[in-house]
There are 2 protein chains.
Amino acid sequence: MPIGQRARKRPKLSDLVVEDVKRWIVTERKQPGDRLPNEKELVELFGVSKSTMREGLKALEVRGLIKTRTGPAGGAYLQQVSLDHASEPLRNFLHFHHLDGHHIYQLRKILEPELAVSVVGRLDAKQLDLIEQTIRLCEQEPRNDIELRAQRVAELEFHNLLADKCPNALLAFMCRFLNDLLRDLMVYKNAWEHRHFGEANLGFHSKLLQAFRDENADAVHRLMTEHMVDAETHMHEMEVHVGVQQLLMPAGRRHA
Amino acid sequence: MPIGQRARKRPKLSDLVVEDVKRWIVTERKQPGDRLPNEKELVELFGVSKSTMREGLKALEVRGLIKTRTGPAGGAYLQQVSLDHASEPLRNFLHFHHLDGHHIYQLRKILEPELAVSVVGRLDAKQLDLIEQTIRLCEQEPRNDIELRAQRVAELEFHNLLADKCPNALLAFMCRFLNDLLRDLMVYKNAWEHRHFGEANLGFHSKLLQAFRDENADAVHRLMTEHMVDAETHMHEMEVHVGVQQLLMPAGRRHA
DNA sequence: TAGTATTTGTACGTATGTATA
DNA sequence: TTATACATACGTACAAATACT
């Protein structure tokens, strides 16, 4: 070991083979949907054992870059990295940091108006209809907890539909991520009990829909900002005693 | 296969064991720094084979939740999920979407002022000194490309130092992520050739430092906004022909 | 419907490398 | 230096899933 020099320890073969596979994908011009060679061929191609190769494939799978299937025509298929594969690690990261409703709305108050304005004029009739449906769902008085919960989910779906049409992929990701945090927080807190919360949202969503139809960017920005400021007050009202980070780590069956 | 029901295919043992380990960590109240049982014990504890166990551990390692060491007192140690472990998957995600300088600055223009205001009054003398050093580094006329590059890195370090003190972990993450994208973009484009870019930055950074010393939140917000608007124009000037997404995927030795 | 071929998934045994005392 | 405790790497055998005939 050379003195005064970082003892650069040998990286694991299973990690090296991951880089090899990535390079192979690039040089072979492979696209999402394309199939990688089968395990036997990969083992020969990269000169490692089966177990090492499988650890490498598992690493690629965890990153969301491949998906494997058994049987004939099975094997490892290239995938587009999904939203979930990008969100989960960020959740894990935040699990080790303090994060509360104030932090979420500090971001939502500036990001949602920016996103909303960016989709003005980009919503076709079909999109506007879908958005209207999320509003209609919240108009009737909920008869039980199931319906109440469905209304809360629909309210967040309103915002996700806007994100679908946002041309800025990173802005869309962030807004969706915040929506997911809020949804899980509400599920955890049984926050859908709070009825007047929904009534306030309903009014803003209706006015926003009209502003989108009118393609009135100024109105959209103003309404969405008011909507977020209002939502934050409701967030505070419901006295969040449990921190957001509590629900991040276990990564259990929240999406059931 | 039941009719009218999703053919829920059996999940892999290596994925199930990951959930088992996560649960074990929670129930055993394990913290970052704590050691997991060794492979042999884990195999017995979870009733799977060695290869399955290793695939599961690899999955945890990729997620940044554990780190393994060889030798006596070696094994799997719990880790806090690092910034890099949260960033990499997001980069992979964005690789499959269009993202350009305009998108980055659309976010930076609203996030950096928000972050800057949030650290007003939270910077101690040591922090202010560090910030001042990044400015000093940019005051001398660079004598070669190395120094020129160092100045560009220092300019981004100015912003990262602010993020260090931001109480909102998610806002800090986002700003740092954008800084990293810009750094890699500049490295890729040899953009540190553009000298007047640096001169403009220097002025804003100096005025911002003074505003932080004065704890003048309004001035900080105004200056940072102007700074971002100005930086975006420089970004456009340098005619980014290559998209940001080109440099995301290979994930090579960028951090060398 | 059943059978067969293909391919991943799981298990196990052994050998090698590495860090600590 | 040697012993020890651990991860890392390899190879084989078999089980399970799935597409095609």
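Side chains are part of it too, since the values below use all heavy atoms of this structure and drop only hydrogens, waters and symmetry mates. Chain identifiers are assigned alphabetically (A, B, ...) following the order of the sequence lines, protein sequences preceding nucleic acid strands; residue numbering begins at 1 within each chain.
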**Message:** Check this for me, if you would: do R10(A) and D15(A) make a salt bridge, where the nitrogen-to-carboxylate-oxygen distance has to be below 4.0 angstrom?
**Reply:** no
**Asked** Starting at CD of E55(A) and ending at C1' of dT8(D), how long is that distance when rounded to a whole Å?
**Response** 8 Å
**Message:** Taking the basic N atoms (NZ, or NE/NH1/NH2) and the acidic carboxylate oxygens, is any pair closer than 4.0 Å for R152(B) and E155(B)?
**Reply:** yes
**Asked** Nearest-Å distance, CD (E61(A)) to P (dT7(C))?
**Response** 18 Å
**Request:** Determine: side-chain N/O of T68(A) to OP1/OP2 of dG9(C), distance under 4.0 Å, yes or no.
**Result:** yes
**Request:** Give a yes or no on whether a salt bridge exists between R91(B) and D184(B), defined as a side-chain N under 4.0 angstrom from a carboxylate O.
**Result:** yes
**Request:** Evaluate the salt bridge (charged side-chain N to carboxylate O under 4.0 Å, His left out) criterion for residues E19(B) and R23(B): first the C-alpha distance (whole Å), next the side-chain angles of each, then the deciding distance (0.1 Å), finally the verdict.
**Result:** CA-CA 6 Å; E19(B) 298 304 314; R23(B) 267 193 296 277; 5.1 Å; no
**Request:** Taking only the side-chain nitrogens and oxygens of T52(B), find out if one of them lies under 4.0 Å from OP1 or OP2 of dG9(C).
**Result:** no
**Request:** Find which nucleotide of DNA chain D each of R10(B) and E39(B) is nearest to by heavy atoms, and output the residue with the more 5' nucleotide.
**Result:** E39(B)
**Item:** Any S14(B) side-chain N or O less than 4.0 Å from OP1/OP2 of dT10(C)
**Value:** yes
**Message:** From the set dT10(C), dT6(C), dA5(D), return the single nucleotide nearest to any side-chain atom of P72(B).
**Reply:** dA5(D)
**Message:** I need the NZ-C1' distance between K12(A) and dA9(D), as an integer number of Å.
**Reply:** 12 Å
**Prompt:** Hey, is the side chain of T70(A) pairing donor to acceptor with the base of dA16(D) inside 3.5 Å?
**Reply:** no
**Message:** Rounded to whole Å, how long is the line connecting atom NZ of K9(B) with atom P of dA19(D)?
**Reply:** 10 Å
**Prompt:** Quick one: I66(A) CD1 to dT8(C) P, roughly how many Å, whole number?
**Reply:** 10 Å
**Asked** Is S49(B) near enough to dT10(C) that one of its side-chain N or O atoms lies under 4.0 angstrom from OP1 or OP2?
**Response** no
**Side-chain-base donor-acceptor pair under 3.5 Å for K50(A) and dG9(C)** = yes
**Prompt:** Closer to the 5' end of DNA chain D via nearest nucleotide, is it S51(A) or A73(A)?
**Reply:** S51(A)
**Request:** Just compare dC10(D), dA7(D), dC12(C) and give me whichever is closest to any side-chain atom of V48(A).
**Result:** dC10(D)
**Complete:** Rounded to whole Å, CZ of R69(B) lies from P of dA19(C) at a distance of 10 Å
**Asked** Quick one: is R54(B) getting a side-chain N or O under 4.0 Å of the dT8(D) phosphate, OP1 or OP2?
**Response** yes
**Asked** Any chance the side chains of T68(B) and K12(A) put a donor and an acceptor closer than 3.5 Å?
**Response** yes
**Message:** What is the separation between atom NZ on K40(B) and atom P on dT14(C), rounded to the nearest whole Å?
**Reply:** 14 Å
**Asked** Whole-Å distance between dT7(C) C1' and Y77(A) OH?
**Response** 10 Å
